[in-house]
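I have placed the structure first, in the form of structure tokens, so that the comments after it can refer back to it.
Only heavy atoms go into these numbers, but all of them, side chains included; no hydrogens, no water, no symmetry mates. Order of the sequence lines sets the chain letters (A, B, ...), proteins ahead of strands, with each chain counted from 1. Every value quoted in this text rests on a predicted model; they were computed, and no experiment measured them.
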Amino acid sequence: MKDKNRFVEKITPKSSDFSRWYVEVIRKAELADYAPMKGMMVIRPYGYAIWENIKSLLDKRIKETGHKNAYFPLFIPESLLKKETEHLEGFSPEVAWVTHGGDDELEERLAVRPTSEAIIGNMYSKWINSYRDLPVLINQWANIVRWEKVTRPFLRTAEFLWQEGHTAHETQKEAEEETQKMLSVYKEFVESELAISVISGLKSEREKFAGASATYCVEALMSDKKALQMGTSHFLGQHFSRVFDIKFEDRNQKLQYVWQTSWGVSTRMVGALVMAHGDDSGLCFPPRVAPLQVIIVPISIGEWKQNVLPVAENIRQSLDQKGFRVELDAREQFTPGWKFSEWEMKGVPLRLEIGPRDIKNNNAVLVRRDNRNKQVVSQDELENKIQEILSHIQKDMFDKSLKFREDNTHEVEKYQDFESIMKSKMGFIKAFWCGNPDCETKIKEDTKATIRAVVSEKEKGKCVCCGKDAGFLVYFAKAY
RNA sequence: CGGGGCGUAGCGCAGUUUGGUAGCGCACAGCGUUCGGGACGCUGGGGUCGUGGGUUCGAAUCCCACCGUCCCGACCA
């Protein structure tokens, strides 16, 4: 009887059906819900809080590296988008068009931005005249619409939130350095705040951004051993500046086109947190971005009811004042056990239990979400202990992610091994590639794996596919 | 966008084969007993059966179209 009830409440185990687990945990933890339009979701308060934390931490890093925020229009005239053909061809299948204003048909239809290179390029051509105007270092936080055919909450939705940086520079070298700089900002951000270990590198021609000279990325391995791109940084060369006529007079009084970059990360990050850290009990958030860092569960039995709650509330207040994200779950209709499971499912890093036993001894019990370790702590040293444990959780979660990535990265020389690993173990395959797109295509057709990142172009080896001399060391994986 | 599955109360489902006026568990509300790992009893509220059309005396059930969602392929942050 009790077992049956428990079964109904529980989510599908991650190990038995990853996709189903993913969708269930997102809905049950109230991160997001489906909207009535295809491929669109509502990000609920608990999910949005993670995005807000990501946003404020990343925004700080973006500003520290010299960028300023601005906002450009949601709509882009078709003629502007059409100026760059490669770019348009890359995006046209997924552009949403506005054709009417009120009842009147527009003379020129407007694209709902699938990305903002075109509108920003157009404005930069007005703003940039001299080398003295450079560099231009602008970032915007915005929503993006791409009419995707296959969607999944957070990972690929028709509308998503992101940050897109767009910079213009005097020299190629400076723009290339900017591209690398932002790539490393992303890598450090994902690893230190999201506690997800990533690889970074260059995209192949086939995988790169439409219109870019070079696309770099950070890629992580999710716990089903498929790869997820978590951020991109593009070196755009003078591609867009020629198209949008972004010219400046250089130090020798010659007219030049600017060198550009663009880079972005999106709400996909939230999906990555779910898939990288979650387990059969639900979500598990790293403390740095967790919506709640500490949940206080009072054990208030019988006559202790009057005594436990005030103490719990005092603890909540003092932790709150110290800047911890903390809540007290004082709901009477649920038992402590129920609350334990509930908050574990919602991924709160640390649970604080306080009951009659603890109050007698001036203690509290702290339980970690990531490894369930339990310890009794004196109420007098709660703050320090919690601070310490939270930082341990952050570190341990990253170490676990790093180990997972390393354990699931396979160095392969023979094509036969490549195929069998992709069929069974999955994960990253680190191998040599000759650079021929035909090999890339064959590998994709045979195994569904794609090149996630080129990590070195100077190594010497034999192509895992054709066996010819190869200069590229690359990571392959099945990707989201 | 192709191939397949699903859509019935907030969630999970039964009912559809064989048409006859909608049900179960959980959740929710009230009262009481409980509370250190998903408590229990009694009482109660909640449904245009995804949407629109058709067949029929009568449709959750049969037919058509559309929408949404999930899985597998082709395309992508």
Side-chain angles (χ1 to χ4, degrees), chain A residues 1-12 17-20 22-24 27-28 30 33-41 89-95 114-115 142-164 186 203 206-210 215 217-219 228-234 262-272 281-282 297-305 308 331-345 351 353-359 363-365 367 372 374 376 444-445 448 450 479-480:
Chain A
M1 209 48 168
K2 284 178 185 174
D3 286 345
K4 193 184 160 199
N5 294 346
R6 194 175 300 166
F7 180 74
V8 171
E9 287 293 326
K10 271 197 173 172
I11 48 178
T12 302
D17 187 341
F18 191 82
S19 301
R20 190 161 176 191
Y22 178 77
V23 171
E24 277 182 17
R27 299 190 70 193
K28 290 204 167 146
E30 300 181 338
D33 201 359
Y34 294 108
M37 307 78 79
K38 181 178 164 57
M40 309 230 176
M41 64 168 181
E89 277 166 21
F91 283 104
S92 67
E94 36 192 86
V95 171
T115 180
N143 57 339
I144 288 294
V145 170
R146 296 184 188 171
W147 222 254
E148 297 285 354
K149 287 162 183 144
V150 178
T151 57
R152 302 190 85 193
F154 292 110
L155 300 182
R156 183 169 297 107
T157 46
E159 181 186 5
F160 58 93
L161 306 180
W162 80 353
Q163 143 292 300
E164 51 180 328
Y186 287 156
K203 283 289 183 201
R206 173 200 181 110
E207 300 280 330
K208 81 173 189 192
F209 175 70
T215 290
C217 62
V218 291
E219 296 261 341
L228 182 73
Q229 179 172 315
M230 297 193 60
T232 51
S233 184
H234 312 292
S262 70
W263 28 272
V265 304
S266 71
T267 33
R268 173 179 276 190
M269 294 262 183
V270 179
S281 304
V297 179
I299 318 287
S300 42
I301 318 157
E303 68 265 30
W304 280 96
K305 225 166 218 173
V308 173
R331 292 177 293 178
E332 289 202 6
Q333 69 270 39
F334 300 115
T335 60
W338 192 94
K339 291 176 183 174
F340 297 166
S341 305
E342 170 80 357
W343 292 109
E344 274 170 15
M345 193 265 291
R351 177 172 79 238
E353 300 172 18
I354 183 148
R357 220 151 60 205
D358 308 303
I359 289 181
N363 285 338
V365 178
V367 186
R372 315 265 170 129
K374 196 178 262 201
V376 179
K444 187 172 182 189
E445 282 170 1
K448 292 175 196 164
T450 51
Y480 271 96

Who does [N] pair with, Watson-Crick or G-U, both distances under 3.5 Å?
{"N": "B/G52", "answer": "B/C64"}
{"N": "B/C13", "answer": "B/G23"}
{"N": "B/C28", "answer": "B/G44"}
{"N": "B/A39", "answer": "B/U33"}
{"N": "B/C76", "answer": "none"}

If you take atom types as modelled and just measure distance, does the side chain of A/Arg27 reach the base of B/G10 with a donor-acceptor pair under 3.5 Å?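 Checked by distance alone, the answer is no.
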Quick one: label [X] by what it contacts on the DNA or RNA (base, sugar-phosphate, nothing), any heavy atom closer than 4.0 Å.
{"X": "A/Thr267", "answer": "nothing"}
{"X": "A/Ser266", "answer": "base"}
{"X": "A/Gly264", "answer": "nothing"}
{"X": "A/Pro93", "answer": "nothing"}
{"X": "A/Lys149", "answer": "base"}
{"X": "A/Ile144", "answer": "nothing"}
{"X": "A/Gly39", "answer": "sugar-phosphate"}
{"X": "A/Val365", "answer": "base"}
{"X": "A/Ser300", "answer": "base"}
{"X": "A/Glu148", "answer": "base"}
{"X": "A/Ser233", "answer": "nothing"}
{"X": "A/Lys444", "answer": "sugar-phosphate"}
{"X": "A/Val150", "answer": "base"}

Using centres under 5.5 Å plus planes under 30 degrees as the test, is A/Phe334 stacked with B/G38?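 A stacking contact does not exist, since A/Phe334 is not both close and nearly parallel to the base ring of B/G38.
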Do any N or O atoms of the protein come closer than 3.5 Å to N or O atoms of nucleotides 4-9 of chain B, and which pairs are they?
none

Roughly how many Å is it from CD in A/Glu332 to P in B/C31, rounded to a whole number?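 Value for this atom pair: 11 Å.
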Within 45° cone and under 6.0 Å: A/Arg351 NZ/CZ vs A/Phe340 ring: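 Checked: cation-pi criterion met.
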[N] OP1/OP2 closer than 4.0 Å to side-chain N/O of [X]:
{"X": "A/Thr335", "N": "B/G38", "value": "no"}
{"X": "A/Ser341", "N": "B/G37", "value": "no"}
{"X": "A/Tyr34", "N": "B/C70", "value": "yes"}
{"X": "A/Arg152", "N": "B/C70", "value": "no"}

Spell out, as yes or no, whether a donor-acceptor pair under 3.5 Å connects the side chain of A/Thr267 to the backbone of A/Phe160.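 Not confirmed, A/Thr267 side chain does not pair with A/Phe160 backbone.
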Given the P atoms of B/G47 and B/U34, what is the spacing between them in whole Å?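 Looking at atom P only, B/G47 and B/U34 are 36 Å apart.
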Mind checking salt bridge (charged side-chain N to carboxylate O under 4.0 Å, His left out) for A/Glu164 and listing every partner two or more places apart, or none if nothing turns up?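 Scan of A/Glu164 (salt bridge (charged side-chain N to carboxylate O under 4.0 Å, His left out), adjacent residues dropped) gives none.
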Please check if any side-chain donor atom of A/Thr12 sits under 3.5 Å from a side-chain acceptor atom of A/Glu24, or the reverse.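 Side-chain D/A pair, A/Thr12 to A/Glu24: present.
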